[in-house]
Each structure stands twice: as structure tokens, then as C-alpha cells.
Amino acid sequence: MTDTTFAGQVSRWYEENARDLPWRKPEVSPWAILISEVMLQQTPVARVLPAWQAWLDRWPTPAALAGDSPAEAIRMWGRLGYPRRAVRLRDCAVAIVERHGGEVPDRLEQLLALPGVGTYTARAVAAFAYGQRHPVVDTNVRRVVCRAIAGEPDAGPATRPADLVATEELLPPEPAAAALASAAIMELGAVICTARSPRCDACPVNAICAWRASGRVAPIGPTRRPQRYAGTDRQVRGLLLGLLRESTGPVPHQRLDQVWADDVQRARALAGLVTDGLVEPIGEASFRLVGDGPLAPVTD
DNA sequence: TTCCAGTGGT
DNA sequence: ACCACAGGAA
């Protein structure tokens, strides 16, 4: 008896066609999987690959990262984007050491309580690192399920509780099979059922896809406003951080002033970096990455 | 809802 | 130029 369910067919396809990604190897630790999931939040696979390996080489355990400075985490983050994730990931390592004896927790509730770990990442770790049965819904899974099952273009900008329910209903009962199916559906969305140019001819479930049957209706509703970058605070933050990342220790504000002409906007961007725990003021008029420089003397 | 960065594909 | 990308938090 071959499994003809949606999850069964996608899983069979996955076992034959999955990309050979290093964090999918069976011997990879929960910590390594957690790092991959955080890096993959809004950053494409190709750019995560080298950074993930570098982080693991340097910080093989949560305790190792927790013992290093936020500044080093920010530097090792490189140009993956959204560098707040680097600080949160280190905060996460600290929390894992303090609350869980240095081991990545396996309960959803505990995972969700960690910094930088939300609905998606918590379930991804529980499923992929610990083999539990949870709906793992990222933008790919949401798109696949909306299309194939509901026959609709997409579910909107964010994952809703209904998306979790709809995905959970597709999962096979056995936890290990469910975790495999979750990875398979995600892979299908990443490789075949893409947002822009879906390759329905190569899809393992094209025969039972509601979206394809209905003629691949295009999304209608109010389109999201384009995310500008040039001239925004985000660009200024990027420039400031780039300078601080390359420097060791404090950088005088006169040098920071040179990266952007608008005083008001530059000050706002810098203040934002401080608020986000990426940068700290040093002395009268200098700034540095948080914790950069010599460690504070141990006093006891 | 909005902000958060950075890059490559189309 | 525009958009998509294994989201999370205020």
C-alpha cells in the first residue's frame, strides 16, 4: 500500500529530491539546528551555509556562545541582515545555559520562551531536532497549503492560527513521519511551489492540487506596500554598523558622522542600534559594539 | 502594523 | 525596478 495522502506523496518526493543541506544530517545537534533556523529567518539558504558552519566551528555549544561577547556574535553574523538576530541568538544561548543547563529544551513552551524564538522556530526545532509532531509553518508551507488544499493564492503576510490548524490536519499520526512531512512540504514550497514561478509540471502533487485545478488564480486583495530601503533608517543603521563591525573597540562619533549627512536621521539610527542592544556609548563621544574590547575584570 | 538589512533572481 | 527570502518583537 503506497501512501496516497498529500503528506505521503510530498514526503516520498522529498526523500528522492531533497537538497543536501548540512543541518539536515542526522548527527547534527539541536543547537546546530536552532542556529540554522534563526539564520534562515529571512535569509536565503545559499547565504546561510558558510555562516552556519563558521558559527558552529567557533561556538559548538550554547555555553560557548554565552561565554563570548555580543560584539563577536555581531561580527560573526557578517552580512546576513537583521543583525538583531545575532544578539538575540546569543541572548538565547545565555537563557539556555541559565534555564536548561546548557541543553536546548525540547518542550514547545520552553522553546517559545527563548529570545528570538517564535511560532515558526520553536516548532521547527521541536520537529527537526527532537522528532516531535507539530505543524511547522513558514512562508513556504503557508503558500503550499493555501494553494494545494484551499485552492487560494496565499494567506496574507503573517501566519495565522488557522494556518497551523490546516497544516496539522495534513500531518501523519506518527511523530517521525510528521516531522519528515513538515520538512517535505517546506522543501516543496522552496523549490517547486515558489511564490513567483511555480513549477507545477514538476510537482509531485499536481494531480490533487486545488490551486492548479482552479487555474492558478492570482492574488487579488490589497497588495502590500513595497519595502523601501534606500534613504531609510535601515540603510543608515547598516552603514553605521558596518563601520563599527570593522573597528575594534570604541569609534569616535566624528567618524560615525561621516557615513550619513542627515544629523537627525543618523542620530535616530544610532539610538535605534543602542536600543536594540547592538551598540553602546563609551565615554564622552564614542560608540562600540556591545561588549567589544577587553572583558571586564572579574571581581568576587 | 511596522520596523528590522542585505542580496540575488526576474 | 521590483520582489522574495525557513520571522520575531514592540
Side-chain angles (χ1 to χ4, degrees), chain A residues 14 18-19 21-24 32-52 74 77-89 91-92 111-129 134-145 154-160 163-164 167 179 182-191 193-199 219 222-242 244-245 259 265 268-269 271-279:
Chain A
Y14 178 78
R19 290 170 294 175
L21 301 178
W23 44 83
R24 288 175 175 168
I33 291 174
L34 175 56
I35 291 176
S36 78
E37 294 300 343
V38 173
M39 287 184 169
L40 287 163
Q41 294 167 5
Q42 303 286 281
T43 302
V45 166
R47 290 169 51 208
V48 164
L49 285 167
W52 178 79
I74 294 165
W77 196 253
R79 303 179 72 79
L80 292 182
Y82 300 114
R84 291 189 295 194
R85 290 182 289 163
V87 175
R88 290 208 192 106
L89 189 46
D91 290 343
C92 180
L111 287 163
L112 282 168
L114 295 171
V117 176
T119 304
Y120 163 76
T121 305
R123 286 170 176 79
V125 171
F128 303 148
H134 296 289
V136 183
V137 183
D138 69 341
T139 184
N140 287 317
V141 172
R142 205 174 64 230
R143 184 175 57 249
V144 169
V145 172
D154 205 333
T159 296
R160 303 166 302 183
D163 299 318
L164 291 179
T167 303
S182 292
I185 297 170
M186 201 175 305
E187 183 80 348
L188 187 71
V191 176
C193 195
T194 58
R196 203 80 77 83
S197 313
R199 301 168 47 210
T223 55
R224 252 190 302 170
R225 259 197 288 297
Q227 289 252 49
R228 292 284 170 229
Y229 176 66
T232 63
D233 287 2
R234 301 164 83 172
Q235 183 184 12
V236 183
R237 285 170 61 113
L239 292 169
L240 291 169
L241 202 64
L244 289 157
R245 206 162 36 207
V259 306
Q265 187 176 25
R268 186 172 62 231
L273 289 171
V274 173
T275 298
D276 289 345
L278 292 156
V279 173

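Just so we're clear, the structure is a prediction, and the values are computed from it rather than from any experiment. Naming: A, B, ... by sequence-line order, numbering from 1 per chain.
- Atom CG of A:Leu239 sits about 13.5 Å away from atom CZ of A:Arg234, to the nearest 0.5 Å.
- Residue A:Arg85 places no side-chain N or O under 4.0 Å from the OP1 or OP2 atom of B:dG6.
- Taking the side chain to side chain contact (heavy atoms under 4.5 Å, CB included) definition, one finds that A:Asp163 meets it with A:Val137, A:Arg142, A:Cys146, A:Ala155, A:Thr159, A:Arg160, sequence neighbours left out.
- Proximity note for A:Asp138 (side chain, C-beta onward) versus B:dA5, C:dA6, B:dG6: the nearest is C:dA6.
- Within 4.0 Å (heavy atoms only), A:Arg123 reaches no atom of the nucleic acid at all.
- Of the side-chain N and O atoms in A:Arg79, none sit less than 4.0 angstrom from OP1 or OP2 of B:dA5.
- We find that CG of A:Leu49 is positioned 12 Å from P of C:dA6, with the value rounded to whole Å.
- Under the rule for a side chain to side chain donor-acceptor pair (under 3.5 Å), A:Asp91 has no partner lying at least two apart in sequence or in another chain.
- Here A:Thr121 pairs with A:Gln41 under the side chain to side chain donor-acceptor pair (under 3.5 Å) rule; sequence neighbours left out.
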Dump the pairs, protein N or O against N or O of nucleotides 8-10 of chain C, anything under 3.5 Å, distances to one decimal.
unit_1: C:dG8; atom_1: OP1; unit_2: A:Gly118; atom_2: N; d: 2.9
unit_1: C:dG8; atom_1: OP1; unit_2: A:Thr121; atom_2: N; d: 3.0
unit_1: C:dG8; atom_1: OP1; unit_2: A:Thr121; atom_2: OG1; d: 2.7
unit_1: C:dG8; atom_1: OP2; unit_2: A:Tyr120; atom_2: N; d: 3.2
unit_1: C:dG8; atom_1: N2; unit_2: A:Arg84; atom_2: NH2; d: 3.3
unit_1: C:dA9; atom_1: OP1; unit_2: A:Gly116; atom_2: N; d: 2.8

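- Counting any heavy atom pair closer than 4.0 Å across all strands shown, A:Thr139 reaches sugar-phosphate atoms only and no base atom.
- Residues meeting the side chain to side chain contact (heavy atoms under 4.5 Å, CB included) test with A:Ala190, sequence neighbours left out: A:Arg19, A:Asn140.
- Residues satisfying the side chain to side chain contact (heavy atoms under 4.5 Å, CB included) test with A:Ala127, not counting sequence neighbours, are A:Val136, A:Ala179.
- Contacts of A:Trp23 with the nucleic acid, taken as non-hydrogen atoms under 4.0 Å apart, include base atoms.
- A:Asp233 has its CG atom 13 Å from the P atom of B:dG6, to the nearest Å.
- Contact annotation: A:Gln42 reaches the phosphate of C:dG7 (side-chain N/O to OP1 or OP2, under 4.0 Å).
- Taking atom CZ of A:Arg237 as the reference point, atom P of B:dG6 lies 10 Å away to the nearest angstrom.
- Of the P atoms belonging to C:dA6 and B:dT2, the separation is 24 Å, rounded to the nearest Å.
- As rounded to the nearest Å, B:dT7 and C:dG8 have P atoms that lie 23 Å from one another.
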Could you list the protein-to-nucleotides 8-10 of chain B atom pairs, N/O on both sides, closer than 3.5 Å?
none

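- Under 3.5 Å, the side chain of A:Tyr229 and the base of B:dA5 form no donor-acceptor pair of N or O atoms.
- Across all strands shown, A:Arg142 has no heavy atoms under 4.0 Å from either base or sugar-phosphate atoms.
- For the pair A:Leu188 CG and C:dA6 P, the interatomic distance rounds to 13 Å; values are reported in whole Å.
- Residues passing the side chain to side chain donor-acceptor pair (under 3.5 Å) test with A:Thr43, sequence neighbours excluded: A:Arg85.
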Side chains of residues 33-40 of chain A: which donor-acceptor partners sit under 3.5 Å, not counting sequence neighbours?
unit_1: A:Ser36; atom_1: OG; unit_2: A:Ile33; atom_2: O; d: 2.7
unit_1: A:Glu37; atom_1: OE1; unit_2: A:Tyr120; atom_2: OH; d: 2.6

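- Within the 4.0 angstrom heavy-atom criterion, no nucleotide atom of any strand lies near A:Ala124.
- When atom types are taken as modelled, the side chain of A:Trp52 and the backbone of A:Pro22 share no donor-acceptor pair closer than 3.5 angstrom.
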